[in-house]
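Comments concern the structure below.
Only this structure's heavy atoms are used, side chains among them; waters, hydrogens and symmetry mates stay out.
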Amino acid sequence: MIRRAGILTVALLAFAAIAHAANAQAARDPKPPILQGLPCSQDRIAHEDVIAALVFGADVSLRGRALAAIASDTLGDRVAEWRNDPDSPLLEPARTLDVAVDNLLNNEAGTPGYVVISPDAPVGDLGRLFLNRQAEQWIRFPCGPRLAAASDWRDTLIVTSVGDSGKAKKFETRPFATLSWLDNRESGEETTEVDIYVGFSAPLWGPVSPSVAYQRRSGTKPVNDLTFALEGEVGFLSWSAGYETDDDFNSALYRAQFEFEPFAGSDICASALSRDGEYNPVSGGNCSLWFTGDYVDVDEIGDKAGLVDRREFSRLGARLSASWWIRAGDSEAYWMLSGSYAFFETVGGDEADAAMARVSLNFLPSKYSPYSVGLTYENGNDLTSFTPVDQIKVTLGFRR
């Protein structure tokens, strides 16, 4: 910590030396003044440099306390405390710094400029996370040849679980792709499972984007689904058209699916499940509802026994999910309890009803952590392979 504080002190002094030149350049450079004169490395400006520049531009009374907070990656937390404490001597300097951060990050997600913000960034908490040096996956300060680009594919790449895809646009509510060790109560086996979806939170090619999903469960009643798809959105309606096979490419089916989220963006359960404000909440929650439908045409069954009597069918259904999280004591870690129920009813073709219920308890190092470890219970039938499911899983999770 001492070494980091020393490095940041030198950085602050260096910014004092270049301040006059940066101000002189401001009139002819459209770049935000706070970014002028900052070094460009690998086509981007480092977050540490931007934060140091913001602190140098803040009131003198704030700088010493801010330097200590930067060294412990808690500047965003401290600024939020100071600006909300009417008795704090740092009330006005903290509010001024907070406004400077808001102005810097005031750019529509995915649009070109000197600040590029990912479409799935947690906008309400982004300034605090940025000052905490925890927002590099959502904020980029491009420079050099990449400046003209609104974003590249890495800005909108998402990783989540199969079946959730782009539905969880907010990162903090996005489920985890998982590697699991499970007790299969249906077959009496202890096996493993991989569950991962890789796609994009915004269109990549015109109005569409590609995705790949892979779910593999070993055992006597296996699941082996590998799906390549194109996806798009029209308002609250999302759709996909995909080719599903397995990792040996022995099966083949074609699936078209739509989903409609009537309460998109409204956080219909937030007021009931959340107890306090936007800043570092002790607890909170959300829930979502989707109506969905699909059409499936099976070309080759392969080893998927559940498709023997299901060669062509159409279905309508729905999915309800809810999550509630609580901070673990005074740490930044969180416990997250989540549950979901999804079902399909056949409306045409072969009988293809299916339903699945899931309850999970996960431990997260922080609210916006990309990693988790947890325990999950699932019961029902797999919605696409129709394999019976009754299992308890120990999971390692990752999301992006």
Side-chain angles (χ1 to χ4, degrees), residues 158 160-170 173-178 180 182 184-186 193-197 199 211 213-217 221 223 225 227 229 231 233 236-240 242 244 253 255-264 268-269 285-296 304 306-307 310 313-324 336-362 374-393 395 397 399:
I158 63 173
T160 184
S161 62
V162 174
D164 288 294
S165 62
K167 292 191 288 291
K169 289 300 179 63
K170 293 183 178 180
T173 63
R174 183 167 298 156
F176 291 85
T178 56
S180 306
L182 59 90
N184 192 327
R185 295 153 56 92
E186 178 72 25
E193 182 184 69
V194 175
D195 183 329
I196 183 171
Y197 163 96
S211 70
Y214 182 55
Q215 187 174 22
R216 183 73 158 94
R217 183 187 313 140
K221 295 183 177 180
V223 172
D225 296 334
T227 304
E231 303 177 344
E233 291 185 0
F236 295 152
L237 179 70
S238 60
W239 59 267
S240 66
E244 180 183 311
L253 63 87
R255 181 188 309 276
Q257 185 169 349
F258 76 87
E259 291 183 326
F260 172 70
E261 186 178 4
F263 306 107
I268 56 177
C269 295
N286 61 79
C287 62
S288 300
L289 173 67
W290 299 272
F291 296 106
T292 184
D294 67 358
Y295 168 77
V296 176
K304 298 182 177 182
L307 298 179
R310 302 177 175 96
F313 53 85
S314 301
R315 305 182 297 179
L316 293 175
R319 173 185 171 87
L320 175 66
S321 67
S323 297
W324 181 74
M336 177 179 285
L337 178 66
S338 59
S340 65
Y341 178 74
F343 71 90
F344 277 108
E345 296 287 341
T346 308
V347 295
D350 301 322
E351 185 70 23
D353 294 355
M356 173 70 77
R358 177 185 294 119
V359 179
S360 301
L361 178 64
N362 287 289
L375 189 67
T376 297
Y377 174 68
E378 296 176 331
N379 186 277
N381 292 87
D382 187 273
L383 299 178
T384 57
S385 68
F386 305 97
T387 303
V389 174
D390 182 9
Q391 59 194 19
I392 299 172
K393 305 193 294 187
T395 63
R399 63 182 177 181

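Across Ala342 and Leu383, no two heavy atoms sit closer than the pair CB-CD1, 3.8 Å. Here the closest non-hydrogen pair linking Tyr341 and Ala357 is CD1-CB, 3.9 Å. Across every non-hydrogen atom of Gly199 and Ser211, the tightest pair is CA-CB, 4.1 Å. Nearest approach of Trp239 to Glu233, heavy atoms of both residues: NE1-N, 3.9 Å.
Between the side chain of Asp195 and the backbone N or O of Val162 there is at least one donor-acceptor pair closer than 3.5 Å. Put simply, the side chain of Thr346 gets close to the backbone of Ala352: a donor and an acceptor are under 3.5 Å apart. In this structure a side-chain-to-backbone donor-acceptor pair under 3.5 Å is present from Arg399 to Arg174. Side-chain atoms of Thr395 do not come within 3.5 Å of backbone N or O of Thr178 as any donor-acceptor pair. Within the 3.5 Å criterion, the main-chain N or O of Thr387 finds no donor-acceptor partner in the side chain of Asp382.
In this structure, CG in Leu307 is found 6.0 Å from CG in Leu253, a value given to the nearest 0.5 Å. To the nearest 0.5 Å, atoms CZ (Phe343) and CG (Asn381) are separated by 14.5 Å. Atom CZ in Phe260 sits 8.0 Å away from atom CZ in Phe291 (nearest 0.5 Å). To the nearest 0.5 Å, atoms CG (Asn362) and CZ (Phe176) are separated by 6.0 Å. For the atom pair Cys287 SG and Leu320 CG, the distance stands at 6.5 Å (nearest 0.5 Å). Note that OG1 of Thr292 and CG of Leu316 are 8.5 Å apart. Values are rounded to the nearest 0.5 Å.
Counted by atom type alone, Thr227 and Asp225 present zero donor-acceptor pairs between their side chains at under 3.5 Å. No hydrogens or angles considered: a donor-acceptor pair under 3.5 Å links the side chains of Ser360 and Thr376. Side-chain polar atoms of Ser238 and Glu231 form no donor-acceptor pair below 3.5 angstrom.
For the pair Lys304 and Glu244, the salt-bridge criterion is met [side-chain N within less than 4.0 Å of a carboxylate O]. Looking at Arg315 and Asp294, a side-chain N of the basic residue comes within less than 4.0 Å of a carboxylate O on the acidic one, giving a salt bridge. Taking the charged nitrogens against the carboxylate oxygens, Glu193 and Arg216 have no contact shorter than 4.0 Å, which rules out a salt bridge.
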- [ ] Under the side-chain contact (heavy atoms from CB on, under 4.5 Å) rule, what do Arg358 and Asn379 come out as? Steps first, then yes or no, please.
- [x] CA-CA 7 Å; Arg358 177 185 294 119; Asn379 186 277; over 6 Å; no
Open item on the list: Before you tell me yes or no, could you show the steps for Arg255 and Thr384 under side-chain contact (heavy atoms from CB on, under 4.5 Å), namely the whole-Å CA-CA distance, both residues' side-chain angles and the distance that decides it to 0.1 Å?
Closed with: CA-CA 10 Å; Arg255 181 188 309 276; Thr384 57; 3.5 Å; yes
Open item on the list: Evaluate Glu351 against Arg310 for side-chain contact (heavy atoms from CB on, under 4.5 Å), listing each step before the verdict.
Closed with: CA-CA 7 Å; Glu351 185 70 23; Arg310 302 177 175 96; 5.6 Å; no
Open item on the list: Between Phe344 and Arg319, is the side-chain contact (heavy atoms from CB on, under 4.5 Å) condition met? List the steps.
Closed with: CA-CA 9 Å; Phe344 277 108; Arg319 173 185 171 87; over 6 Å; no
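Ring geometry for Phe386 versus Phe313: interplanar angle over 60°, hence perpendicular rather than tilted (30 to 60°).
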